[in-house]
There are 2 protein chains.
Amino acid sequence: MDLGLTPVQTVACCSPLSREPLSQDVAEQVSLVLKALGDPVRLRLMSLVASHEGGEACVCDLNDAFDLSQPTISHHLKVLHEVGLLEREKRGVWVYYRARTEALANLASLIGGTAK
Amino acid sequence: MDLGLTPVQTVACCSPLSREPLSQDVAEQVSLVLKALGDPVRLRLMSLVASHEGGEACVCDLNDAFDLSQPTISHHLKVLHEVGLLEREKRGVWVYYRARTEALANLASLIGGTAK
DNA sequence: TTAGCGTATCGACAAGCGTGAATATTTATC
DNA sequence: GATAAATATTCACGCTTGTCGATACGCTAA
């Protein structure tokens with residue numbers, strides 16, 4: 001079933017939790033996305049980026065929002081990126097992360113949705 | 001901020017991720033719920049219960065759906081219960097778990113919502 | 001080229017987590 | 001009572017994960 005898609009892309013193609021039992025394969029993919037969000041720091045990072053103007057934020061801004069080392073923040077951003085929740089773009093020395101709002105929307109409808 | 005509420009109850013009272021940055025306190029509570037769902041087995045358990053007729057299922061049925069020991073399933077159900085995603089009711093020797101669909105809906109609107 | 005800055009990677013460590021075997025608890029039946 | 005069945009708890013064991021310090025990489029400006 002895996003075609004090199006990121007976990008978030010898998011989320012887009014299935015009925016909500018309450019509609020029918022999740023297959024093991026799908027559950028494994030979706031759980032990766034939820035696990036990525038299941039950390040206070042990453043959840044705040046995601047929220048900071050998503051609520052920032054333009055839906056994107058520079059790493060330099062994000063570092064200052066936490067009492068954590070720069071490598072730690074970088075690590076969390078990588079986790080969110082690998083799972084497909086954040087896009088990464090480098091501009092000069094700075095790196096900007098953008099939230100994939102459709103991914104969040106898909107995840108939301110999988111969790112709480114009733115349709116499809 | 002904690003008043004003895006379960007983590008899912010905390011989810012109900014805040015704006016979506018993309019609306020404004022999550023506070024650290026809220027992020028900590030919400031991440032507990034997401035962490036609970038961030039496991040393939042628990043995600044399937046949640047889906048099995050939620051999609052079952054009447055929105056509830058007996059543990060006896062759930063055990064058979066996995067290649068895992070009974071204590072392990074019991075453990076996962078406990079995690080989902082403690083976080084407030086599942087309600088527990090004992091009828092005779094059997095235990096039934098029911099999905100809190102409003103909790104799922106609240107979580108969904110926090111993740112993917114734009115309103116409020 | 002060198003220096004400096006922003007970001008990522010590596011290595012290591014403690015803490016947390018999923019799992020099963022053994023055991024306990026609760027309820028129904030004999 | 002005793003026995004059996006359904007579910008929960010305890011304990012122990014690897015594996016994963018969050019964190020930081022040290023270091024490397026990439027870009028820009030002197």
Side-chain angles (χ1 to χ4, degrees), chain A residues 7 22 24 27-49 52 56-98, chain B residues 7 22 24 27-49 52 56-98:
Chain A
L22 249 51
Q24 184 168 343
E28 239 141 70
Q29 294 292 309
V30 176
S31 71
L32 292 178
V33 183
L34 290 167
K35 196 174 298 183
L37 284 178
D39 176 274
V41 176
R42 288 197 289 267
L43 201 52
R44 286 182 62 204
L45 278 173
M46 197 68 203
S47 179
L48 280 169
V49 174
H52 205 264
E56 71 174 15
C58 174
V59 176
C60 50
D61 300 327
L62 300 173
N63 277 324
D64 300 342
F66 297 86
D67 260 353
L68 294 170
S69 69
Q70 175 267 319
T72 297
I73 300 298
S74 185
H75 161 68
H76 285 305
L77 289 170
K78 184 181 182 182
V79 172
L80 290 170
H81 174 62
E82 283 177 341
V83 102
L85 286 171
L86 287 181
E87 282 174 354
R88 211 183 95 99
E89 188 182 346
K90 193 165 187 177
R91 300 186 203 146
V93 197
W94 293 276
V95 173
Y96 289 79
Y97 281 93
R98 181 166 30 254
Chain B
L22 249 52
Q24 185 168 343
E28 238 140 70
Q29 294 292 310
V30 176
S31 72
L32 292 178
V33 183
L34 289 167
K35 196 172 298 185
L37 284 178
D39 176 274
V41 175
R42 288 196 290 267
L43 200 52
R44 288 182 63 202
L45 277 172
M46 198 65 202
S47 179
L48 280 169
V49 173
H52 204 265
E56 71 174 18
C58 174
V59 176
C60 52
D61 300 326
L62 299 173
N63 277 323
D64 300 341
F66 298 85
D67 259 353
L68 295 171
S69 71
Q70 175 268 321
T72 296
I73 300 297
S74 183
H75 162 68
H76 286 304
L77 288 170
K78 185 183 184 182
V79 171
L80 290 169
H81 175 61
E82 282 176 339
V83 102
L85 286 171
L86 287 182
E87 281 174 354
R88 213 182 94 99
E89 190 183 344
K90 193 164 187 178
R91 301 189 203 142
V93 198
W94 293 278
V95 173
Y96 290 78
Y97 282 93
R98 181 164 35 252

*Asks:* Rounded to whole Å, please give me the gap between NZ in A:Lys35 and P in C:dC17.
*Replies:* 11 Å
*Asks:* Using side-chain heavy atoms (C-beta onward) and a distance below 4.5 Å, is B:Arg42 in contact with B:Met46?
*Replies:* no
*Asks:* Start with the C-alpha gap between B:His75 and B:Val79, add the side-chain angles, then the distance that decides, and say whether side-chain contact (heavy atoms from CB on, under 4.5 Å) holds.
*Replies:* CA-CA 6 Å; B:His75 162 68; B:Val79 171; 3.8 Å; yes
*Asks:* Any side-chain N or O of B:Thr72 less than 4.0 Å from the OP1 or OP2 oxygen of C:dG20?
*Replies:* yes
*Asks:* Picking from D:dG18, C:dG20, D:dA8, which would you name as closest to the side chain of A:Arg42?
*Replies:* D:dG18
*Asks:* Could you give the CG-to-P distance, from A:Leu80 to D:dG18, as a whole number of Å?
*Replies:* 10 Å
*Asks:* Given atom NE2 of A:His75 and atom P of D:dT17, what is their separation to the nearest angstrom?
*Replies:* 8 Å
*Asks:* Return the value, rounded to whole Å, for the distance between atom CG of A:Asn63 and atom C1' of D:dC20.
*Replies:* 14 Å
*Asks:* Within this structure, what is the NZ-to-P distance between B:Lys90 and C:dT27, rounded to whole angstrom?
*Replies:* 5 Å
*Asks:* Would you kindly compare A:Gly92 and B:Cys60 by the position of their nearest DNA chain D nucleotide and give the one closer to the 5′ end?
*Replies:* B:Cys60
*Asks:* Counting heavy atoms from C-beta on, name the nucleotide in D:dA6, D:dC20, D:dA8 closest to the side chain of B:Val95.
*Replies:* D:dA8
*Asks:* Between the side-chain atoms of B:Gln70 and the base atoms of D:dA6, is any donor-acceptor pair under 3.5 Å?
*Replies:* no
*Asks:* Could you check A:Val93 against A:Lys78 and say which one's nearest nucleotide on DNA chain C is further toward the 5' end?
*Replies:* A:Val93
*Asks:* So do B:Leu34 and A:Asp39 actually touch side chain to side chain, heavy atoms under 4.5 Å?
*Replies:* no
*Asks:* Side-chain N or O of B:Tyr97 versus OP1/OP2 of D:dA8: is the shortest distance under 4.0 Å?
*Replies:* yes
*Asks:* Which nucleotide, C:dA8, D:dC20, D:dA8, lies nearest any side-chain atom of B:Arg88?
*Replies:* D:dA8
*Asks:* If you check the B:Pro71 side chain, which of C:dG18, D:dC20, C:dG20 turns out closest?
*Replies:* C:dG20
*Asks:* Compare the minimum distances between each of D:dG18, D:dT7, D:dG21 and the side chain of A:His76, then state the nucleotide with the smallest one.
*Replies:* D:dG18
*Asks:* Does CG belonging to A:Asp67 count more than 12 external heavy atoms closer than 6.0 Å?
*Replies:* no
